[in-house]
Amino acid sequence: MNKKKRGLVFVLSAPAGTGKTTLARMLAKEFPSLVLSVSSTTRPSRSFEQEGRDYHFLSREEFEKQILAGEFLEYAEVFGNYYGTSKKSLEKMRSSGKHVLLVIDTQGALQLKERIDAVYIFIAPPNFQELQRRLEARESESGEEIQKRLSWAHQEMAEIDQYDYLIVNDTLDNAYAVLRSILIAEEHRVYAKTH
Ligand code: ADP
Ligand code: 5GP
């Protein structure tokens, strides 16, 4: 009964603009037992982002060096930039006993499915029109960038069957209520996912 427990790993994917970052932050705020994984990326930082909090911002050269050194548990190229999860930093977070939440794209999630036992959650927008509206309202990408994200969204939605749970982010309150209930239910599994 007093065996030292490792935290669970939750993997959250959703087309850009759906609201996954918003939901992930809400969860981490309510549950101090959960930490957000910080990915590495070659994308330039947005004005409000902080190194080490939102991402580790790397040059393409440095990222490729780390790929060759086998430092990523998964990585993918998304919208022309690399994104990846460092093996070392995930292990460090897991060994703290906390749950870890990874917010990554479908390509990365599919790589992880072959490597670690985790709870895979897909967040879908209520429809593509609303997805476009959210992307435009966020004002972090140009019109051309938004079109790229919308067209990639269709391909990401085709991977829903690979996930354990699907949440439609219609209203934030509804989506968050489901997300927090998944965390609570997974914490109460008799045979918890442990590796
Ligand atoms: P993602 O991380 O999936 O790209 P964000 O969390 O940045 O998406 O959310 C995109 C935009 O949509 C943000 O401006 C956010 O405030 C807004 N948003 C998130 N969820 C909802 C919702 N349920 N209804 C309306 N707007 C939302
Ligand atoms: P953004 O540039 O909007 O922050 O993220 C773009 C996409 O990259 C999102 O789908 C996001 O989930 C994904 N992403 C962020 N970090 C990682 C990561 O470490 N690995 C993978 N595979 N995708 C990531």
Side-chain angles (χ1 to χ4, degrees), residues 8-31 34 36-39 41-49 53-55 74-85 99-114 118-187 193:
L8 300 168
V9 178
F10 294 88
V11 175
L12 206 62
S13 303
T18 302
K20 59 189 174 302
T21 311
T22 308
L23 287 162
R25 296 242 164 95
M26 288 168 80
L27 200 65
K29 194 167 170 202
E30 181 179 352
F31 295 91
L34 176 126
L36 299 182
S37 167
V38 180
S39 299
T41 184
T42 57
R43 153 168 93 55
S45 68
R46 295 175 183 145
S47 55
F48 53 87
E49 288 178 326
R53 186 195 72 156
D54 299 284
Y55 283 106
E74 64 72 33
Y75 73 92
E77 195 155 359
V78 189
F79 312 124
N81 292 298
Y82 284 125
Y83 293 83
T85 307
H99 305 315
V100 183
L101 177 62
L102 279 73
V103 183
I104 64 176
D105 88 318
T106 49
Q107 305 172 79
L110 296 187
Q111 293 171 42
L112 276 191
K113 272 194 91 174
E114 294 172 7
V119 181
Y120 292 85
I121 306 169
F122 194 94
I123 318 264
N127 53 59
F128 286 100
Q129 210 180 358
E130 171 62 10
L131 183 62
Q132 179 162 1
R133 194 202 63 74
R134 286 182 196 168
L135 280 167
E136 285 167 357
R138 188 168 70 178
E139 293 185 338
S140 54
E141 287 93 13
S142 67
E144 193 189 327
E145 290 291 320
I146 289 176
Q147 286 313 314
K148 269 198 231 166
R149 280 159 173 72
L150 285 171
S151 103
W152 178 241
H154 288 271
Q155 296 187 55
E156 295 211 285
M157 297 282 283
E159 305 293 351
I160 288 175
D161 284 356
Q162 306 285 335
Y163 287 74
D164 298 316
Y165 294 99
L166 168 64
I167 305 174
V168 176
N169 184 13
D170 44 11
T171 71
L172 207 49
D173 283 354
N174 283 346
Y176 184 65
V178 179
L179 182 62
R180 73 189 293 285
S181 70
I182 292 170
L183 171 72
I184 295 166
E186 290 291 337
E187 278 185 324
K193 299 184 180 227

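Side chains included, hydrogens not; waters and symmetry mates left out as well; all remaining heavy atoms used. This chain uses plain numbering: 1 for the first residue, then up along the sequence.
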S.K.: Between E130 and R133, is the closest basic N to carboxylate O distance under 4.0 Å?
M.R.: yes
S.K.: Among all residues two or more places apart in sequence or in another chain, which pass the salt bridge (Lys or Arg N to Asp or Glu O under 4.0 Å) test with E30?
M.R.: R180
S.K.: Using the ring centroid of each side chain, check whether H154 and F128 are separated by less than 6.0 Å.
M.R.: yes
S.K.: Under the 3.5 angstrom rule, does the side chain of E156 hit a backbone N or O of T106 as a donor-acceptor pair?
M.R.: yes
S.K.: Got N174 and V178 here, is their nearest side-chain heavy-atom distance under 4.5 Å?
M.R.: no
S.K.: Please check: side-chain N/O of Y83 versus main-chain N/O of S39, any donor-acceptor pairing under 3.5 Å?
M.R.: no
S.K.: Output yes when a side-chain donor or acceptor of Q162 lies under 3.5 Å from a complementary backbone atom of L110, and no otherwise.
M.R.: no
S.K.: Show every donor-acceptor pair shorter than 3.5 Å between a side-chain atom in residues 17-29 and any protein atom, with sequence neighbours excluded, or say none if there are none.
M.R.:
unit_1	atom_1	unit_2	atom_2	d
T18	OG1	P15	O	2.6
K20	NZ	A14	O	3.1
R25	NH2	D54	OD1	2.8

S.K.: So does V9 get a backbone contact from the side chain of H99, meaning a donor-acceptor N/O pair under 3.5 Å?
M.R.: no
S.K.: Would you find a donor on one side and an acceptor on the other, under 3.5 Å apart, between the side chain of T41 and the backbone of Y82?
M.R.: yes
S.K.: Between E141 and R46, is there a side-chain N and carboxylate O pair less than 4.0 Å apart?
M.R.: yes
S.K.: Between the side chain of N169 and the main-chain N/O of P125, is any donor-acceptor distance below 3.5 Å?
M.R.: no
S.K.: Hey, does the side chain of E74 reach the backbone of T85 with a donor-acceptor pair shorter than 3.5 angstrom?
M.R.: yes
